[in-house]
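Taking it in order: structure first as structure tokens, then the write-up.
Below, chain A is the first sequence line, B the second, and so on; all start at residue 1. Bear in mind that the values here come from a model prediction, so they are computed numbers and not experimental data.
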Amino acid sequence: MAGRGPGSAFGKPAALDRRLYRRYDRPLRHRRTQGHFRRQRFNEYRSQSMNPYNDFKVIVKAELEKMSQAGALPPGLDLSRVAVEPPRDAAHGDLATNAALVLAKAAGIKPRGLAEALAARLRGHDDIREVTVAGPGFINLRLNDSYWHGCLAAILRAGASYGESDLGRGRAVNVEYVSANPTGPLTVGHARGAVVGDAMAGILEKAGFAVTREFYINDAGVQVDTLARSAYLRYREALGETIAEIPSGYYPGDYLKHVGKALAARDGDKWLEQGEADWLPEVRRFAIDALMAVVREDLAALGIEQEVFTSERALVEAGGVEAVLETLEARNLVYTGTLPAPKGKAAEDWEPRPQTLFRATDFGDDVDRALKKSDGTWTYFASDMANHLDKSRRGAKLLIDVWGADHGGYVKRMKAAVKALTEGQTRLEVMICQLVKLTRQGVPVKMSKRSGVFVTLREVIDEVGKDIVRFIMLTRKNDAPLDFDLVKVMEQSRDNPVFYVQYAHARVRSVMRHAQTAFPDIDQAPSSLAGGPLDLLTDSSELAIIRLLAQWPRMVESAAETFEPHRIAFYLYDVAAAFHGLWTKGKDHTQLRFLIDGDPKLTAARLALICATAQVVASGLSVIGVQPVEEMR
RNA sequence: GUCCCCGUAGCUCAGUCGGAUAGAGCGACAGAUUCCUAAUCUGUAGGCCGCAGGUUCGAAUCCUGCCGGGGACACCA
């Protein structure tokens, strides 16, 4: 109906996709680990990184290697499944490793026994305060407070770059999103895909990928012909004709009146007496240009700027589909055949018809797919294959498409196509976005592109602001339906995550402002705060926040690896909750307040903590394209 | 009929490439405000993780089959 956009929500990659991704990534990751290892050895006195999970994974693996060398473990064990993670329950410790559990079988040692042996070795480490073996063979590590203080300092010194990783190692990724028919302004339906795609791009950038943001303009189908005819109607109207009613099958929206007027202003009545075949191509081109300008403005209002806009029509005219055909024919993947009738659907008008087909079934699809329509022109699928081949040839070995849920049935064939066209060298990941249910105080707001009374994206942005739109769109997994209530998202309460997170940031800024007057001698530059007496931070709530902040890099990586941008929003909510908790704790226990009269040292340490908190919140918001606020009023 | 997604507390949803006693918000109940923004916070109650098998030392997570909800099923985009 309208490009790929109108759906809205994210999709969790299927199991098969996860496996594909891992295969693609494994050798690289392995190398990365080794690199880490070398660096660690090379620089033994380096204070520490900002990622305890990576640091201690290296340490755990090093101890395992030593155990192998000492004969306590068989040589050549596969350590790839060894993980160091936050324990499910913070009461268990700061870090937990599953090493004993995953190695027990291959080593022929009982998990508990292996765990005890490894634990004994880890007990010698400087930063580790306590090592316990629990459950079936988990090893829980508790770190010295000084380690976390060092972590906090490192976070502050890293500044805006904190959370960046080299997961992507500069590899090119193409993220294609929105990709609507240029037949009208963007609607709320498009907004989710737009936000999800743009946030995904931001996350991948943070994770070290070279990201291209792309928009594929579906300007070659019958819908843009309809657009042209609708615009032509408005053109006649602009020249004085009375159009009583827009016939069904035409786009009725008022926005086309501007197009009609603009065309009349430019060309006068030169198209009035001509036949459709003569005026249509030019009117179409004119209308598409006009509407793409509107679409770009709508995207800009959302804070989205895609650097590549690919026109389907231009791609086809440049011979893109021929390139596809050539590639496929070289591999004998094209033939003429007749597809079976679709089942379960009343297909009275169906008739067997020989078609030009792509052997999609060779690549996991359910049925071979048509490349040509009955009128001899290319199918949308054929030109979309050209689009994907083109993207791949431009260098991206990972392609991400963000589609609406109504295109879910299209995923298999496009993946098959990419596999065939690139001989498995390029991977396609499709993020499916479910519908957004737009309501106002619980009452559904209708949106229908053709009715002319739809709710445009612009209207929603004007009403609630782009930052709220962006954040709310990421508060659900993309493949789950999302409720968007125009009133609720403006509420200032804990159950409104946007507010809650923004408020945490604003509260920090508020304290910092107070500190400026109460403690003018404290230099608030993060690098200065990092040098403060951080060892004064000893309360469990304070250390809990540092641990949470230390998870930011792995949050970025996990969101990138799983293609799940919503994780960022949930993480930020957790950080905000920890901060608000500490704040209120200071109500009951005044010694825990951030600003302590007569104690500039403790105050400086507390400022370092909340400054880092605000920094991570701001960093997270920036990754998903939301502007942090200085105050809420 | 086939394929894809989903099914977790009364409601809305998290659950880190299989791990420990499955978490949060809302709602309910009980509390906290001379003090940096109470726009917040603390606590209590509430679960055969749709059902049944299977793989595994170990399953909400992986596999199979059902049940229930949504979406897609030649030539549209």
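Between A/M555 atom CE and B/G15 atom C1' the separation is 11 Å, expressed in whole Å. We find that CG of A/N140 is positioned 14 Å from C1' of B/U21, with the value rounded to whole Å. Summarising the geometry, the separation between CZ on A/R476 and C1' on B/C11 is reported as 11 Å, rounded to the nearest angstrom. Per the geometry, NZ belonging to A/K57 stands 16 Å off P belonging to B/U16, to the nearest Å. Taking atom CE on A/M431 and atom C1' on B/C4, their separation rounds to 17 Å, with Å as the unit. For A/M632 and B/A38, the CE to P distance is 13 Å, given to the nearest whole Å. The distance from atom CH2 of A/W583 to atom P of B/U40 is 13 Å, rounded to the nearest whole Å. Following rounding to the nearest Å, A/W403 (CH2) and B/C5 (P) show an atom-to-atom distance of 14 Å.
When each of B/A74, B/A20, B/A77 is scored by its nearest atom to the side-chain atoms of A/E312, the top-ranked nucleotide is B/A77.
Evaluation of atom-type donor-acceptor distances gives a pair under 3.5 Å for the side chain of A/H407 against the base of B/A77. At a cut-off of 3.5 angstrom, the base of B/A77 holds no donor-acceptor pair with the side chain of A/D406.
Nearer to the 5' terminus of RNA chain B, by closest-nucleotide assignment, is the contact made by A/T97 (compared with the other of A/T97 and A/F594). Nearest-nucleotide positions on RNA chain B for A/L95 and A/K585 put A/L95 closer to the 5' end.
Rounding to the nearest 0.5 angstrom, the gap separating the CD atom in A/Q551 from the CD atom in A/E85 is 10.0 Å.
Between A/F499 and A/Y503, the ring planes lie parallel to each other; the angle is under 30°, not in the 30° to 60° tilted range.
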Take A/D368 and A/Y335, measure what side chain to side chain donor-acceptor pair (under 3.5 Å) needs, and give me the verdict at the end.
-> CA-CA 10 Å; A/D368 291 340; A/Y335 70 102; 2.4 Å; yes
If you restrict it to nitrogen or oxygen atoms, what contacts under 3.5 Å exist between nucleotides 22-33 of chain B and the protein, and what is each distance?
| unit_1 | atom_1 | unit_2 | atom_2 | d |
| --- | --- | --- | --- | --- |
| B/A32 | O2' | A/D588 | OD1 | 3.4 |

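At a cut-off of 3.5 Å, with distance as the only test, no side-chain donor of A/D539 or A/H589 sits close to an acceptor on the other residue.
Residue A/A104 is out of contact with every strand shown, counting any heavy-atom pair closer than 4.0 Å. Using a 4.0 Å heavy-atom cutoff across all strands shown, A/T590 reaches at least one base atom of the nucleic acid. As judged by a 4.0 angstrom heavy-atom cut-off over every strand, A/N98 is placed among residues making no nucleic acid contact.
Between the A/Q524 side chain and the A/M512 main chain, a donor and an acceptor come within less than 3.5 Å of each other.
Remark: A/R369 fails to qualify as a cation-pi partner of A/F381 under the 6.0 Å distance and 45° angle criteria applied to the six-membered ring.
Rounded to the nearest Å, the gap between the C1' atom of B/A9 and that of B/G65 is 28 Å.
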